Amino acid sequence: MIHSLFLINHSGDIFLEKHWKSVISRSVCDYFFEVKEKAVDPENVPPVLQTPHHYLISIYRGKLFFLSVVQTEVPPLFVIEFLHRVADTFQDYFGECSEGVIKDNLVTVYELLEEMLDNGFPLATESNVLKEMIRPPNILRSVVNTLTGGSNVGDTLPTGQLSNVPWRRAGVKYTNNEAYFDVVEEIDAILDKSGTTVFAEIQGVVEACVRLTGMPDLTLSFMNPRLLDDMSFHPCVRFKRWESERVLSFIPPDGNFTLMTYHVSSQNLVAIPVYVKQNINFFETGSCGRLDITIGPKQNMGKTVEGLMVTIHMPKVVLSANLTATQGNYTYDLTTKVLVWDIGKLNPQKLPNLRGSLSMQAGAPKPEENPSLNIDLKIQQLAISGLKVSRLDMYGEKYKPFKGVKYLTKAGKFQVRT
Amino acid sequence: MPYLGGEETVRELRRALSNPNVQSDQLRYRNTILKVIRAMSQGVDMSGLFSEMVKACATVDVVQKKLVYVFLCSYAALNPELSLLVINTLRKDCQDPNPMVRSLALRNMTNLRLPSLVEYVEQPLAAGLRDRAACVRRVAVLGWAKLHNLQASSEIDAAVVNELYSLLRDPDPVVMVNCLRALEEILKDEGGVAINKPITHHLLNRLKECDIWGQCQVLRVLQRYRPQSEDELFDILSLLDASLVSPHPPIMAATLSLFLSLCSGQPAVSLAALERVRGPLLAACGSGSREMRFTALCHIQLLLRSIPGLMGAHYKRFFCGYAEPAYIKQRKMQVLVELVNDENVAMLLDELKGYCTDVNAETAQAAITAIGRIGRSYSDRCLEILTGLLGLKQDHITSAVVQTMRDLVWVCPQCSDTVCFALEGCEETLQDSQGRQALLWLLGVYGERVSSAPYTLEVFIDGVRSEASLGVKMELLTATMRLFLCRPAETQDMLGRLLHYCIEEETDMCVRDQALLYYRLLHCGIEETRKVLQGRRSDPSLGVLIGRPAEPVSQWARSFNTLEPLRQGSIETESVSRGSPEHTMFDPKPNADLSNTLDCSRIEKVHSGKEDFVWMEECVRCPTIPRCSPQSLQAAMQLVNIQTLAFTPPQTLPWRVYLYTHTCLDDAPHSTLILGELLYTGEEPQKAEVHKDDKALKGFLSILTTVLHTLSSERA
């Protein structure tokens with residue numbers, strides 16, 4: 001199915017290759033490089049390319065291309081999902097998924113790739129199973145290994161492979177039993193000039209950190225589960241019970257994992273936490289322009305908006321910006337033409353404002369389109385959709401665990417058109 | 001390999017590998033091997049170290065073993081003789097008490113892929129199938145597939161195939177799925193695994209135990225199964241229902257694919273399944289991974305071919321974000337065009353208008369083309385936007401707008417006034433040849449209504465010497481000829497100059513021949529020329545054809561969940577680059593005469609084979625000669641929801657048209673499908689249809705007769 005995998009960095013060097021069937025020469029990537037060259041921006045390289053003898057299916061993550069070579073017809077969603085799984089696994093093992101980290105952990109990377117696919121078919125991709133076969137590197141262990149000459153390979157048979165619950169190993173023991181859940185929501189929204197919502201959607205994720213002894217069976221229930229659309233669960237969640245009772249019932253994997261992701265898409269349910277009053281003008285003559293932006297709180301359920309930041313990709317003709325900010329500070333990068341205004345905490349009594357003039361290249365025509373504003377923000381202890389966890393129950397074990405839930409709202413692709 | 005200092009590195013590493021001090025220190029030995037692997041992954045040719053690496057293989061350190069195997073598998077093909085040395089170590093490892101070591105050895109033994117080693121590999125592989133550790137069996141099963149690939153011509157050992165079939169019942173789900181994969185490869189010539197009823201039900205029952213990759217594989221293999229009865233079919237479908245709304249897009253897609261292949265005889269069930277996957281597909285469209293979003297979009301395009309209204313309420317999901325890659329934006333626009341209706345058209349056009357000024361020229365052009373497509377149904381609003389865009393005086397935008405207008409005007413001739421008005425002055429901003437070709441075509445066809453047309457052409461003709469594009473020259477010739485026909489006084493002189501240049505000085509044969517042809521044509525007289533050059537005009541009734549009829553699901557079901565829908569522009573092949581529309585449209589010639597007298601009488605009814613369908617013949621007499629083209633017939637039929645399946649070419653006898661329609665009566669428990677054949681034998685047309693209930697048939701007949709009458713009276 002998947003014949004080979006090439007890892008290619010931002011500038012187009014192949015720094016790792018792995019073949020699960022016969023070896024395919026690197027020159028197959030030339031087709032890819034040709035398209036990449038044409039696309040200018042690496043993000044614009046289409047994920048599926050056809051060459052005379054192969055298909056190249058690639059994903060772009062963390063400034064790296066994961067390029068798979070496929071010889072026969074395959075379901076595209078399958079391959080793309082798998083490549084993301086590979087990237088997720090690297091992320092999980094090494095904390096980040098970048099060229100440097102992969103090169104530093106070459107041995108583990110080869111081991112992982114070897115276990116994840118055999119003869120081109122996905123084999124073991126569940127992080128818990130992999131971690132039993134190949135231990136993730138950490139500083140302490142590498143010191144110990146250096147001293148004792150030990151290896152980071154598990155020398156016992158991975159029990160998970162034969163257990164009924166493939167994502168949890170048997171015999172887990174902790175002195176402090178704890179289960180923490182983070183509800184993180186990202187608002188994706190497009191607002192138009194007048195401030196009306198063109199499109200708004202919440203992408204939510206429930207991350208869990210569960211360290212519990214034995215085989216606990218957890219039930220997590222929400223105050224208002226009907227808010228959610230398009231849920232996607234970790235395989236441990238019993239889907240039937242969700243469908244009938246709207247509770248999450250599961251035997252958790254050990255450690256950190258993503259319990260569920262969801263969308264809230266009906267627009268009237270999506271609260272927009274801030275409003276933006278903006279006025280950007282470019283004058284026909286005099287090669288200059290004016291900019292005036294004010295941000296104020298809108299629907300934030302009484303919580304403070306933090307980490308507020310406005311990013312504007314200015315048109316190429318804007319040479320410099322001479323602005324004053326009543327709060328925070330701004331930077332204008334001359335080469336990338338990006339204006340960043342870092343505001344910080346939003347004070348509803350004194351609204352932050354940024355105003356001043358923009359100077360443009362002399363003689364250049366007035367830009368035909370005003371730049372969009374990208375807004376970044378954070379609200380602690382609030383899930384903007386109103387989702388609330390009501391209780392967590394544990395069955396199957398006798399002890400009492402520590403429990404905790406945290407909420408966080410962030411801006412995802414939050415864009416204001418001007 | 002072109003790597004600086006490659007040879008030096010190889011020599012140094014060889015020295016280190018064969019140094020006994022290094023060999024005795026496990027850590028140093030492993031680190032040296034690691035250096036070899038590093039260099040190898042940078043593309044340095046390390047094949048020279050093969051014999052040293054073979055020696056390093058005999059160790060108790062599992063990590064070192066793995067590293068050496070990575071090396072050996074990459075270079076084994078270059079050193080088949082030396083590889084023989086590894087086999088002994090590997091076979092010894094296959095006896096190791098640790099199942100991980102056993103599976104590792106087995107896997108690498110088969111990964112060497114050397115035909116000369118097959119005889120040594122077969123025995124441990126056979127033992128591996130019976131190993132008590134599941135992870136060894138998993139590897140062994142796939143090992144047989146690799147072995148088979150190695151010597152594809154040799155015949156298949158029936159005992160192994162039998163054993164693999166029996167391992168389909170293995171308690172470990174991965175072993176089961178791997179068996180499927182291996183058998184699919186080994187039995188490729190026989191069409192893959194034999195999928196019979198017991199195997200199907202066994203696989204379906206164990207589907208839940210597999211991981212998502214395994215589920216996809218099982219679902220894919222099951223596509224070959226044909227249920228023996230309707231009851232069985234529905235049992236299977238209800239088992240699969242949960243996977244259909246699976247949160248994992250690959251499973252959802254594989255399940256839908258299976259649904260469609262199982263229900264190929266049940267269009268209603270297929271359509272219901274499509275409705276069911278709407279949610280998961282939309283979720284995939286909003287996924288965090290842009291590649292996933294793209295693939296989901298491409299598949300949504302397929303679904304829309306059968307249910308154009310499927311995503312109507314969700315059109316906002318297809319609005320483009322600022323930072324999305326161009327390939328997603330372009331697909332989203334293609335989807336948006338399909339979703340236009342009276343309520344959202346204003347909003348959609350506003351949105352598309354915003355994309356027209358995108359930084360990426362291709363995206364901007366795609367947006368303009370999309371507006372043009374919507375213009376076929378909402379021409380006034382769209383023309384207003386397009387005209388507005390011309391005011392921006394941007395080279396690539398103007399070019400795309402002019403091309404879009406050309407295409408639009410061909411389909412909707414009623415727009416021509418606005419277009420002619422907008423054309424004035426835009427030749428200054430046009431740079432690329434496609435845009436200029438479109439402008440020339442418009443000037444040629446609508447020359448009498450664009451006051452500045454001769455002057456614009458004159459500029460082109462004066463610059464013809466430095467013109468590089470062949471297409472522009474050809475178009476210029478035709479346009480000047482056409483303009484000459486309607487405004488001879490202003491054009492005569494420049495036409496003369498152009499023909500002279502093209503015949504005497506032009507080096508390209510095509511242009512010269514074309515010019516000669518026109519020159520000789522002019523000799524035949526003005527009437528003859530007019531007949532040739534202005535013969536074809538678009539038919540206004542073509543406009544009705546644009547609303548694409550819903551295709552049956554079977555048209556695209558096979559390409560669902562394959563790479564097919566992802567290929568560039570697979571659906572909207574009407575790309576921007578192409579010539580005048582008249583070359584791509586087929587000829588709307590008047591059709592053979594139908595019949596003379598009108599009188600609708602039933603001749604015969606009911607040849608009943610089964611209970612639920614009826615076959616009947618009906619004769620319709622038309623009073624006058626309906627000289628209708630296939631297009632206008634099709635358009636007229638579509639107005640009353642009758643779809644045409646196929647025509648015989650015009651002017652053949654007997655002439656046939658195949659029709660179908662469904663009825664959905666409120667009081668009827670089921671819908672009725674009517675298939676009809678319209679037959680014209682030269683004397684009288686008659687039709688025959690196959691269908692279910694009498695009431696619907698009567699309705700259909702009366703509608704069809706009305707249509708035929710209307711058509712014939714129109715042409716009378």
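Excluded from the calculations below are hydrogen atoms, water molecules and symmetry mates; all remaining heavy atoms, backbone and side chain alike, are included. Worth saying up front: this structure is predicted, and the values here are computed from it rather than measured. Chain A is the first sequence line, chain B the second, and so forth, proteins listed ahead of strands; every chain is numbered from 1.
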Counting only non-hydrogen atoms closer than 4.5 Å, does [X] touch chain A with its backbone (N, CA, C, O), its side chain (CB onward), both, or neither?
| X | answer |
| --- | --- |
| B:Leu392 | side chain |
| B:Arg290 | side chain |
| B:Gln217 | side chain |
| B:His299 | side chain |
| B:Arg293 | side chain |
| B:Asn561 | both |
| B:Asp350 | neither |
| B:Arg317 | both |
| B:Ser74 | backbone |
| B:Gln64 | neither |
| B:Leu219 | neither |
| B:Cys320 | backbone |
| B:Asn360 | side chain |
| B:Leu34 | side chain |

Does any heavy atom of chain B fall under 4.5 Å from the side chain of [X], the backbone, both, or neither of them?
| X | value |
| --- | --- |
| A:Val23 | side chain |
| A:Phe82 | both |
| A:Arg85 | side chain |
| A:Ile57 | side chain |
| A:Met1 | side chain |
| A:Ile190 | side chain |
| A:Phe78 | both |
| A:Val45 | backbone |
| A:Lys21 | both |
| A:Gln50 | side chain |

- Would you say the side chain of B:Leu104 lies within less than 4.5 Å of the side chain of B:Met100, judging by non-hydrogen atoms? no

- Charged N-O contact under 4.0 Å between B:Asp172 and B:Arg138: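 Salt bridge: yes.
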
- Message: Is a donor from one side chain sitting under 3.5 angstrom from an acceptor on the other, for B:Asn31 and B:Arg28?
- Response: no

Between [options], who has the most heavy-atom pairs with chain B when the cutoff is under 4.5 Å?
| options | value |
| --- | --- |
| A:Ile80, A:Val70, A:Ile14 | A:Ile80 |
| A:Ser372, A:Pro122, A:Ser232, A:Ser58 | A:Pro122 |
| A:Ile59, A:Leu7, A:Thr261, A:Asp13 | A:Ile59 |
| A:His313, A:Lys240, A:Glu114, A:Arg61 | A:Glu114 |
| A:Lys413, A:Gln415, A:Glu186 | A:Gln415 |

[X] and [Y]: aromatic ring centres closer than 6.0 Å?
| X | Y | value |
| --- | --- | --- |
| A:Phe65 | A:Tyr60 | yes |
| A:His19 | A:Phe6 | yes |
| B:Trp213 | A:Phe121 | no |

- Message: Test your reading of the model: is there a side-chain donor-acceptor pair from B:Arg38 to the backbone of A:Lys103, 3.5 Å cut-off?
- Response: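 Yes, because the side chain of B:Arg38 sits within donor-acceptor range (under 3.5 Å) of the backbone of A:Lys103.
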
- Contact winner vs chain A - B:Gly279, B:Ser257, B:Ser289, B:Cys216, heavy-atom pairs under 4.5 Å: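 Sorted descending by pairs with chain A, the first entry is B:Ser289.
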
- Message: Can you list everything that forms a side-chain contact (heavy atoms from CB on, under 4.5 Å) with B:Pro173? Sequence neighbours excluded, please.
- Response: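 Per chain and number, B:Pro173 pairs via side-chain contact (heavy atoms from CB on, under 4.5 Å) with B:Arg206, B:Glu209, B:Cys210.
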
- Item | Partner set under side-chain contact (heavy atoms from CB on, under 4.5 Å) for A:Lys337, not counting sequence neighbours |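 Listed in chain order: A:Met314, A:Leu319, A:Tyr332.
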
